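Below is one structure; the comments refer to it alone.
Reckoned from all heavy atoms, side chains included, excluding hydrogens, waters and symmetry mates. It should be emphasised that the depicted structure is a prediction, and the values quoted were computed from it without experimental measurement. Along the sequence shown, residues are numbered consecutively beginning with 1.
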Amino acid sequence: AKTDSAPKSSVNIIAEAKDAKDANAITVTIKRQFNITSLIYLAVVSLCSMILIYWAAGKALKPVHTLNQAVLTITANNLHQRLAENDSTDEISSLTKSFNIMLNRLHEAFLKQKCFSSSAAHELKTPLAIIKTNLQVLELAPEATISDYQAAFTITKRTVDRLTAVVDDLLMLVTDG
């Protein structure tokens with residue numbers, strides 16, 4: 001008898017079956033083994049693909065994460081700080097440049113607002129100081145006459161009119177933009 005050491009293929013095994021019933025049983029078994037093997041390969045390939053995609057996505061999104069962390073460090077107190085730019089032309093570099101341009105505008109706006117607030121405070125404080133001084137003078141002068149009160153009233157009225165004009169101007173600036 002001749003022994004064949006080469007592995008037999010599915011077709012050879014089915015051809016050697018004794019009858020159709022054996023051939024059908026062998027076919028079902030081979031299909032089941034094929035399905036199980038296919039599912040195992042599918043699971044392994046899917047798992048490897050997910051790991052590879054997760055790694056690639058993490059690597060691709062690292063510049064976005066770095067940019068996000070840098071943006072989070074900028075507050076109203078450090079608007080002069082800028083994000084580090086590089087010379088590439090990718091989307092992250094474009095976004096970084098846009099952020100820096102926006103930070104420049106915000107910084108300038110904050111400086112203008114600070115200057116405006118300082119000027120407005122001064123414009124409001126001076127008339128209030130005049131009113132307060134007149135009231136203190138009248139309070140400390142026990143011999144104050146009606147004409148002294150009338151003079152203080154005239155100064156106070158003029159100062160209140162000035163305050164009203166300043167407040168009106170401020171409201172007009174706010175409503176006009």
Side-chain angles (χ1 to χ4, degrees), residues 38-177:
S38 295
L39 287 174
I40 291 171
Y41 280 128
L42 177 65
V44 169
V45 168
S46 295
L47 181 64
C48 290
S49 296
M50 286 189 292
I51 291 170
L52 182 64
I53 289 170
Y54 180 79
W55 175 81
K59 192 156 180 75
L61 291 175
K62 188 172 190 317
V64 174
H65 178 72
T66 303
L67 178 64
N68 184 48
Q69 293 303 312
V71 168
L72 289 175
T73 64
I74 298 174
T75 64
N77 296 327
N78 64 348
L79 281 176
H80 61 279
Q81 182 179 334
R82 295 296 174 263
L83 303 171
E85 294 181 19
N86 58 26
D87 294 331
S88 66
T89 58
D90 62 358
E91 289 79 9
I92 300 298
S93 296
S94 176
L95 186 60
T96 302
K97 289 173 186 169
S98 296
F99 268 124
N100 283 337
I101 290 168
M102 179 190 64
L103 286 171
N104 285 336
R105 289 192 309 251
L106 280 174
H107 186 69
E108 288 174 18
F110 268 71
L111 290 176
K112 286 178 183 176
Q113 182 182 18
K114 190 175 183 179
C115 182
F116 174 78
S117 297
S118 175
S119 295
H122 178 72
E123 287 295 320
L124 293 172
K125 190 170 185 173
T126 301
L128 290 172
I130 292 170
I131 292 171
K132 185 176 181 180
T133 301
N134 279 314
L135 292 174
Q136 287 174 339
V137 165
L138 288 176
E139 184 181 49
L140 295 175
E143 67 281 343
T145 64
I146 297 277
S147 67
D148 290 335
Y149 281 102
Q150 286 175 336
F153 178 76
T154 303
I155 292 170
T156 302
K157 184 177 181 307
R158 193 172 48 232
T159 306
V160 168
D161 289 342
R162 182 176 168 205
L163 274 172
T164 303
V166 168
V167 170
D168 288 342
D169 288 346
L170 288 174
L171 287 174
M172 188 176 65
L173 282 173
V174 171
T175 56
D176 288 347

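- Applying the side-chain hydrogen bond (donor to acceptor under 3.5 Å, both in side chains) rule to Arg105 yields no partners; only residues at least two apart in sequence or on another chain are considered.
- To the nearest 0.5 Å, the span separating CD1 on Ile92 from CG on Leu83 amounts to 11.5 Å.
- Annotation: side chain of Ile74 is not in contact with side chain of Phe99 (no heavy-atom distance under 4.5 Å).
- For Ser88, the side-chain hydrogen bond (donor to acceptor under 3.5 Å, both in side chains) partners two or more places apart in sequence, or in a different chain, are Asn86, Asp90, Ser93.
- Residues meeting the salt bridge (charged side-chain N to carboxylate O under 4.0 Å, His left out) test with Arg162, sequence neighbours left out: Glu123.
- In this view, Lys97 satisfies the salt bridge (charged side-chain N to carboxylate O under 4.0 Å, His left out) rule with no residue, not counting sequence neighbours.
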Indicate every side-chain donor-acceptor pair of residues 134-145 with a distance under 3.5 Å to a residue at least two apart or in another chain.
from   : atom 1 : to     : atom 2 : distance (Å)
Asn134 : ND2    : Ile130 : O      : 3.3
Thr145 : OG1    : Ser147 : N      : 3.4
Thr145 : OG1    : Ser147 : OG     : 3.0
Thr145 : OG1    : Asp148 : N      : 3.3
Thr145 : OG1    : Asp148 : OD2    : 3.4

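- Rounding to the nearest 0.5 Å places OG1 of Thr175 at 10.5 Å from CG of Leu170.
- In this structure, the separation between CG on Leu103 and CD on Gln81 is 8.5 Å, given to the nearest 0.5 Å.
- Asp169 is linked by a salt bridge (charged side-chain N to carboxylate O under 4.0 Å, His left out) to nothing, counting only residues two or more places apart in sequence or in another chain.
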Side chain to side chain contact (heavy atoms under 4.5 Å, CB included) evaluation trace for Phe110 with Asn77: CA-CA 10 Å; Phe110 268 71; Asn77 296 327; over 6 Å; no
Side chain to side chain contact (heavy atoms under 4.5 Å, CB included) assessment of Leu124 paired with Val167: CA-CA 8 Å; Leu124 293 172; Val167 170; 4.0 Å; yes
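- For Glu85, the side-chain hydrogen bond (donor to acceptor under 3.5 Å, both in side chains) partners are Asn100, not counting sequence neighbours.
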For residues 44-68, run the donor-acceptor check on the side chains, cut-off 3.5 Å, and write out each pair with its distance to 0.1 Å, sequence neighbours left out.
from  : atom 1 : to    : atom 2 : distance (Å)
Ser46 : OG     : Leu42 : O      : 2.8
Ser49 : OG     : Val45 : O      : 2.8
Thr66 : OG1    : Lys62 : O      : 3.0

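- Residue Lys157 holds its NZ atom at 9.5 Å from OG1 of Thr164, rounded to the nearest 0.5 Å.
- Listed by first and then second residue, the salt bridge (charged side-chain N to carboxylate O under 4.0 Å, His left out) pairs that reach into residues 107-118 come to none, sequence neighbours excluded.
- By the side-chain hydrogen bond (donor to acceptor under 3.5 Å, both in side chains) test, Thr75 is found to be paired with Asn78, residues two or more places apart in sequence or in another chain being considered.
- Here the shortest heavy-atom pairing between His80 and His107 reads N-ND1, 3.7 Å.
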